Amino acid sequence: MFNKRVKISELLTWEPQFQEVIVMGWVKTFRNNQFIALNDGSTNTNLQVVAELGLLDENQLKRISTGASLKVAGTVIPSPGKGQKLEVKASTIEVLGDSDAEKFPLQPKEHSLEFLREIAHLRFRTNTFGAVFRVRHALAFAIHEFFNKKGFVYMHTPVITASDAEGAGEMFRVTTLPLENPPKNERGEIDYSQDFFGRSTNLTVSGQLEGELAAMAFSDIYTFGPTFRAENSNTTRHLAEFWMVEPEMAFYDIEDNMNLAEEFIKYIIGYALKNNRGDLEFLAQRLEKEESKLPQQQRSEMGLIQKLEFVLNNQFERITYTEAIDILLASPAYKKKKFDYEVKWGKDLQSEHERYLVEKHFKKPVIVTGYPKDIKSFYMRVNDDGKTVAAMDILAPGIGEIVGGSQREERLDKLEERMREMHIPVDQLWWYLDTRRFGSVPHAGFGLGFERMVQFVTGMTNIRDVIPFPRTPKNAEF
Ligand code: 4AD
Ligand code: MG
């Protein structure tokens with residue numbers, strides 16, 4: 001019985017010809033005891049359901065309140081009202097689930113994003129989050145489509161690992177040892193040999209190392225899954241649990257890597273522009289309204305859709321880290337001491353520097369290559385200058401770093417040397433080094449922060465608003 005219903009997105013494409021239909025959804029608003037705006041999450045556009053006077057008794061009328069769920073049987077008729085081609089004239093209306101109007105937190109008015117974060121379990125029912133999460137879905141689908149078309153193998157890498165892929169020590173420990181009074185060894189340290197896995201384990205920070213193993217057999221693979229970082233960053237771009245897409249390709253150098261990353265980003269943006277037009281137009285209007293509250297110089301120069309089309313139709317700028325430092329040192333912002341962090345060859349680029357480069361200087365996405373080896377991970381290929389590595393970061397307007405990647409060090413001796421220098425346990429990663437022992441090849445890969453990509457496409461300024469249930473320091477509700 002239930003699967004006979006028509007989804008509202010589908011129904012809205014019909015010509016009204018008095019078809020008999022069943023629709024279901026949640027009440028957005030109810031006006032004049034007659035007009036119900038019904039939404040089932042398939043689109044932001046509500047269906048107007050008309051309950052002619054007399055159809056419902058007093059008791060039923062009371063039960064049709066914002067948030068209640070309904071099953072409506074009726075006829076599709078041309079709508080005399082403005083802004084819609086059709087509506088459904090109800091013959092029966094059944095309340096499937098009541099919603100106490102006094103207690104339901106979502107009122108038919110605008111709520112702040114901060115407030116909605118506190119009721120993340122209900123925010124899916126708002127127009128903004130409806131649009132955001134349909135776009136998020138579309139981008140995820142487009143990612144699989146892109147790689148599938150190119151013959152990449154989707155590889156599921158483990159969530160629980162014993163290694164720190166990035167060597168940054170920002171891991172969540174996984175243990176079943178008792179917190180009070182854990183077993184200790186003779187040196188007084190916790191004895192992880194008695195732990196569940198017989199060793200110390202953590203949640204993965206990246207699937208890259210395992211991805212590289214698979215690329216050494218399938219040539220081209222990608223991962224797409226949750227990753228975890230215990231970094232205490234309370235910013236609009238950091239989550240403790242985020243989704244990452246990590247392609248890894250054998251027989252690729254840094255140039256091939258950049259080309260693939262640029263094509264990939266353009267593909268998924270193009271997919272959303274084509275398939276999520278309504279949602280993106282809604283989000284564009286939302287952003288424009290939000291930005292109208294800001295002082296002129298803080299507003300975006302382009303609207304959301306214009307920005308996405310611009311990115312699609314223009315080449316990303318490609319510069320080296322050294323060039324980036326020179327641009328920053330010569331910038332008016334630097335001269336006027338506007339940067340909080342030091343600009344100096346050898347220091348990592350901070351978000352303010354990245355944003356200056358993309359938003360003020362180039363006004364488009366920028367790929368920065370050739371970072372100093374000391375600020376990057378152990379697995380990156382050392383360039384002939386001995387000082388820099390074949391790394392690449394892609395910086396996006398409004399976001400900063402959206403992709404981090406590199407050509408990998410395929411030479412066993414050089415890799416071991418870097419690992420020792422950086423205190424990475426060579427013995428524990430014997431399996432990783434085996435790829436360099438048996439048929440090593442030049443290879444490369446990158447990681448796209450999926451939520452940052454969703455932010456870029458939806459124009460949402462806070463990363464907490466593009467993942468259903470954000471995990472951030474001091475926050476794991478829902
Ligand atoms: O630059 P990262 O740390 O690179 C890696 O993890 C590599 N193993 C990727 C690879 O080469 N296969 O992270 C990659 C991307 C960043 O550019 C950023 O977009 C995102 O992941 N990211 C985060 N997103 C949200 N919250 C965080 N805490 C993030 N940390 C990184
Ligand atoms: Mg990075």
Side-chain angles (χ1 to χ4, degrees), residues 139 143 147 152 155 157 161 163-172 203-215 220-249 252 254 257-258 260-261 264-265 268 321 348-351 353-354 358 365-369 371-372 375-381 389-396 398-409 424 432 443-457 460 462-467 470-473 475:
L139 292 172
I143 286 165
F147 287 121
F152 281 55
M155 199 48 63
T157 51
T161 70
S163 56
D164 177 2
E166 293 302 302
E170 294 167 331
M171 298 170 299
F172 289 101
L203 294 178
T204 185
V205 295
S206 154
Q208 181 195 321
L209 301 191
E210 290 89 353
E212 282 187 58
L213 310 180
D220 300 322
I221 66 96
Y222 70 106
T223 73
F224 185 5
T227 49
F228 307 86
R229 306 239 170 136
E231 51 186 335
N232 196 6
S233 300
N234 246 313
T235 78
T236 55
R237 307 176 313 130
H238 287 88
L239 290 166
E241 175 180 308
F242 65 98
W243 286 64
M244 190 158 38
V245 185
E246 294 185 276
E248 191 70 35
M249 297 75 63
Y252 258 58
I254 187 77
N257 204 23
M258 284 193 272
L260 182 79
F264 168 61
I265 289 174
I268 61 177
Y321 166 87
D348 207 356
L349 298 179
Q350 297 297 323
S351 151
H353 308 136
E354 297 175 341
V358 285
V366 177
I367 312 184
V368 184
T369 52
Y371 283 82
I375 57 170
K376 288 292 184 186
S377 299
F378 69 93
Y379 51 71
M380 297 189 180
R381 193 176 197 278
V389 284
M392 61 168 214
D393 276 7
I394 302 186
L395 316 177
I399 310 284
E401 182 191 335
I402 194 161
V403 161
S406 64
Q407 185 173 336
R408 318 306 189 190
E409 183 57 83
I424 306 291
Y432 180 67
H443 64 289
F446 61 86
L448 169 83
F450 184 55
E451 283 74 22
R452 291 190 188 173
M453 189 69 214
V454 181
Q455 276 190 280
F456 185 72
V457 175
M460 299 300 284
N462 196 315
I463 199 164
R464 293 165 179 79
D465 296 330
V466 298
I467 187 164
R471 299 290 178 253
T472 52
N475 173 34

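Order of appearance sets the numbers: ligands from 1, and atoms from 1 within every ligand. Keep in mind it's a predicted model, so treat the numbers as computed, not measured. In this chain, residues are counted from 1 in sequence order.
- For Asp220 (side chain) and Met249 (main-chain N/O), no donor-acceptor pair under 3.5 Å exists by modelled atom type.
- Nearest protein heavy-atom neighbour of atom 15 (C) of ligand 1: Gly447 O, 3.6 Å.
- Looking only at side-chain heavy atoms (C-beta outward), Arg229 and Ser206 come within less than 4.5 Å of each other.
- Only side-chain heavy atoms of Glu246 come within less than 4.0 Å of ligand 1; its backbone N, CA, C and O stay farther off.
- Only the side chain of Glu166 comes within contact range of ligand 1, with a heavy atom under 4.0 Å; no backbone atom does.
- The heavy-atom pair separating Met171 from Asp164 by the smallest distance is SD-CB, 3.3 Å.
- Distances from atom 17 (O) of ligand 1 to the heavy atoms of Met244, His238, Glu401 put Glu401 nearest.
- Side-chain contact between Ile265 and Met453: present, with at least one pair of heavy atoms (C-beta onward) separated by less than 4.5 Å.
- For atom 20 (C) of ligand 1, the nearest non-hydrogen atom of the protein is Gly449 CA, 3.5 Å.
- Heavy atoms of Glu248 found under 4.0 angstrom from ligand 1: none, in either backbone or side chain.
- Those atoms of ligand 1 with a heavy atom of Arg237 less than 4.0 angstrom away are 25 (C), 26 (N).
- Looking only at heavy atoms of the protein, atom 26 (N) of ligand 1 is closest to Leu239 N, 2.9 Å.
- Separation of atoms CD (Glu248) and CG (Leu213) is listed at 9.5 Å; rounding is to 0.5 Å.
- For ligand 1, one of its N or O atoms has an N or O atom of Glu231 under 3.5 Å away.
- The backbone N or O of Arg237 sits less than 3.5 Å from a side-chain atom of Arg452, completing a donor-acceptor pair.
- Panel note: side chain Thr161, backbone Ser163; a donor-acceptor pair is recorded below 3.5 Å.
- Across every non-hydrogen atom of Asn462 and Gln455, the tightest pair is C-NE2, 3.6 Å.
- Looking at Phe242 against ligand 1, only its side chain comes within 4.0 Å, counting heavy atoms.
- A donor-acceptor pair shorter than 3.5 Å cannot be found between the side chains of Glu212 and Tyr379.
- Here Tyr379 has side-chain heavy atoms under 4.0 Å from ligand 1, and that is the only part of it that gets that close.
- Ring-plane geometry between Tyr371 and Tyr321 is classed as tilted, the angle between the planes lying from 30 to 60 degrees on a 0 to 90 degree scale.
- Using the six-membered ring where Trp is involved, Phe446 and Phe264 have ring planes that are tilted, between 30° and 60° apart.
- Remark: side-chain polar atoms of Thr227 are paired, donor with acceptor, to backbone N or O of Phe242 under 3.5 angstrom.
- Taken to the nearest 0.5 Å, the CD atom of Glu451 stands 13.0 Å off from the CE atom of Met460.
- Contact analysis puts Arg452 in contact with ligand 1, with a non-hydrogen atom separation below 4.0 angstrom.
- Distances under 2.8 Å from the Mg ion (ligand 2) pick out the protein N/O/S atoms Glu401 OE2.
- The heavy atom nearest to atom 3 (O) of ligand 1, out of those in Glu212, Arg229, Glu241, is found in Arg229.
- Residue-to-ligand polar distances place Ile402 within reach of ligand 1: an N/O pair is separated by less than 3.5 Å.
- At distances below 3.5 Å, not a single donor-acceptor pair connects side-chain atoms of Asp393 with backbone N or O atoms of Val368.
- Short contacts between ligand 1 and Gly404, defined as distances under 4.0 Å to a heavy atom of the residue, involve ligand atoms 1 (O), 9 (C), 10 (C), 11 (O), 17 (O).
- At a 4.0 Å heavy-atom cut-off, ligand 1 touches Val403 through the backbone alone.
- The aromatic rings of Phe172 and Phe228 lie perpendicular to each other, with more than 60° between the two planes, well past the 30° mark.
- Judged by the shortest distance from any of its heavy atoms, Arg408 lies inside the 4.0 Å radius around the atoms of ligand 1.
- For Gln208, every heavy-atom contact with ligand 1 shorter than 4.0 Å involves the side chain, none the backbone.
- At least one heavy atom of Gly405 sits under 4.0 Å from some atom of ligand 1.
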